[in-house]
> 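My questions all concern the structure below.
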Amino acid sequence: MVYQVYPRSFCDTTGTGVGDLGGLRAHLDHLVWLGVDAVWLSPICRSPMADFGYDVSAYDDVDPLFGTLADLDGLVAEAHAAGLKVLLDWVPNHTSTEHPWFAERPEFYVWVDGDPLVPPNGWVEAFGDGPAWAWDESRRQWYLHLFLPEQADLDWSNPNVVAAMHATLRFWLDRGVDGFRMDVVHCIGKGHDLPELLPGQELAPVVAIDVPFTHTLLQGIRGVLDAYGAMSIGEVYLLDTAKVATYYGTPEAPELHLSFNFPGLWAPWKAQTWRTRINEVERHLTGDRWPTWVLSNHDVPRHRTRYGSEARARAAAVLLVTLRGTPFLYAGEELGLEDAVVPADRVVDPGGRDGCRAPLPWTAEPGHGWGGGAEPWLPWPPDAAARSVASQRADEGSTLWFYRRLLAARQGSPALRSGTFAWIVAPPDVLAYLRTSGGDRRLVLVNQGAGVAAVELEGNWEVELASDGSSTPSALAGDAAVILRPV
Ligand code: NOJ
């Protein structure tokens with residue numbers, strides 16, 4: 001189980017209103033109590049924050065807003081002592097235009113000659129409806145930006161870019177980090193031979209770029225990681241599981257250790273859709289291609305908000321933790337947080353993602369455990385006092401305790417951690433499956449319908465955990481899930 005921390009929103013200890021590394025260090029015990037194995041930090045490198053850290057201006061330093069390199073070293077040491085692995089976010093597709101390379105090593109970027117009035121192709125930037133190209137008057141050339149104009153795309157067909165970016169990995173690996181989440185890493189191979197995209201795909205090149213050269217580059221990156229025994233989880237934003245599978249490489253030429261597979265993230269609360277998504281994973285992510293699952297992250301509305309109720313959010317968490325693969329949990333999900341309502345005058349993200357980035361409430365009192373008394377950079381999520389970690393720790397029926405039991409159930413069962421997956425017969429609204437590892441077995445029933453369902457089972461099973469605290473196989477409440485173990 002990997003726990004994603006969006007550092008800006010986790011906990012402020014310096015009175016800036018923005019979370020920092022000290023805030024994470026102060027709450028590592030929360031992660032340990034919850035039962036996670038690894039923590040992934042969204043970007044902490046130096047950044048002008050046009051995209052809140054996904055626009056890096058120095059890959060070898062911590063942004064002062066978050067702390068110092070010494071703070072990071074302290075965090076890694078404390079996390080390791082607590083049995084947690086540390087993964088950093090690595091942004092290889094683009095840098096901030098404030099990175100010194102942009103002025104000093106312009107050949108590191110994707111430039112195209114042309115007419116200042118006509119962009120080189122029809123690609124559209126990710127957070128707007130303008131072209132993914134910006135005209136540079138001094139060079140009289142266009143540069144590519146799949147995201148904001150402040151995020152210039154690197155040209156990985158230049159071997160010096162490859163070497164420089166490998167060095168950025170080694171910088172952090174030498175400091176003891178255990179691996180990286182790699183931002184839109186499937187796009188890095190587009191290089192100078194910009195791929196032709198079908199009409200329509202140009203509106204969202206980030207979810208369409210899929211070129212062979214990226215695989216060559218990933219093999220090289222894998223070599224850097226393997227020398228340290230480190231791991232990678234790639235953000236492969238292709239909404240097609242068969243394509244995602246290719247980014248794991250082959251046993252002879254391995255690429256990513258893990259890849260995100262977002263069709264599940266985008267699935268509505270509908271058993272038919274989930275069944276299809278799960279089948280795609282069972283078909284394509286086999287052998288060394290170990291699946292991942294994610295319900296929420298810093299780019300999409302939280303699943304509690306998308307699915308519309310706490311009951312559904314808890315039942316969905318059962319799916320997250322019991323499907324075959326590694327689950328990723330976005331900080332605050334374990335509190336059942338909803339997205340914040342962000343008034344127009346507090347909007348800060350050009351991509352409209354502020355709601356899911358609301359600060360985490362640690363305590364019930366005003367300020368919610370954020371130090372320094374500054375107003376946080378975004379409004380608090382709804383019911384912040386009741387949803388706070390302290391309030392929920394005091395209530396064993398809370399969603400927080402439920403997540404802890406869920407992670408313990410996974411931890412205690414080889415079948416749930418790494419067993420095989422097989423569907424069992426159930427009513428159409430119920431996802432029902434068996435996980436098996438040697439003699440260990442678990443049955444999981446998730447009712448995505450609104451009505452009570454009954455599932456007939458072969459053999460004797462008892463409820464290990466119910467998302468609503470009371471459901472059984474013969475009376476599975478609407479939007480409830482159970483984990484069953486053999487008696
Ligand atoms: C994906 C990240 O998750 C998102 O937050 C960011 O804006 C883009 N990549 C660009 O780096």
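Just so you know, ligand 1 is whichever comes first in the structure, and atom 1 is the first atom listed for that ligand.
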> Which residues pass the ring pair (Phe, Tyr, Trp, His ring centres under 6.0 Å) test with Phe402, not counting sequence neighbours?
none
> Please list the nearest protein heavy atom to atom 8 (C) of ligand 1 with its residue and the distance rounded to 0.1 Å.
Phe147 CE2, 3.6 Å
> Tell me which protein heavy atom sits closest to atom 6 (C) of ligand 1, plus the residue, atom name and distance to 0.1 Å.
Asp51 OD2, 3.3 Å
> Identify, for atom 1 (C) of ligand 1, the protein heavy atom at the shortest distance, and state residue, atom and that distance.
Asp183 OD1, 2.9 Å
> Relative to the heavy atoms of Arg353, which atoms of ligand 1 are at a distance of less than 4.0 Å?
4 (C), 5 (O), 6 (C), 7 (O)
> With heavy-atom distances below 4.0 Å as the criterion, list the atoms of ligand 1 near Arg181.
2 (C), 3 (O)
> Testing Pro361, Pro359, Pro382 for side chain to side chain contact (heavy atoms under 4.5 Å, CB included) with Leu337, which one passes?
Pro361
> If the cut-off is 4.0 Å to any non-hydrogen atom of His94, which atoms of ligand 1 fall inside it?
10 (C), 11 (O)
> Return the orientation label for the Phe127 and Phe147 ring planes: parallel under 30°, perpendicular over 60°, tilted otherwise.
tilted
> State whether Trp269 and Arg306 meet the cation-pi test: NZ (Lys) or CZ (Arg) under 6.0 Å from the six-membered ring centroid, and within 45° of the perpendicular axis.
no
> Determine whether the side chains of Tyr228 and Asp174 contain a donor N or O and an acceptor N or O closer than 3.5 Å.
yes
> Kindly indicate whether a cation-pi arrangement holds for Arg181 with Trp90, taking the cut-offs as under 6.0 Å to the six-membered ring centre and within 45° of the axis.
no
> I need the nearest protein heavy-atom contact for atom 3 (O) of ligand 1: residue, atom name and distance, please.
Asp299 OD2, 2.5 Å
> Heavy atom of Phe127 under 4.0 Å from ligand 1?
yes
> What are the atoms of ligand 1, with element, lying closer than 4.0 Å to any heavy atom of Glu235?
1 (C), 3 (O), 9 (N)
> Could you tell me if Asn297 and Tyr6 have a donor-acceptor pair between their side chains, going purely by distance under 3.5 Å?
no
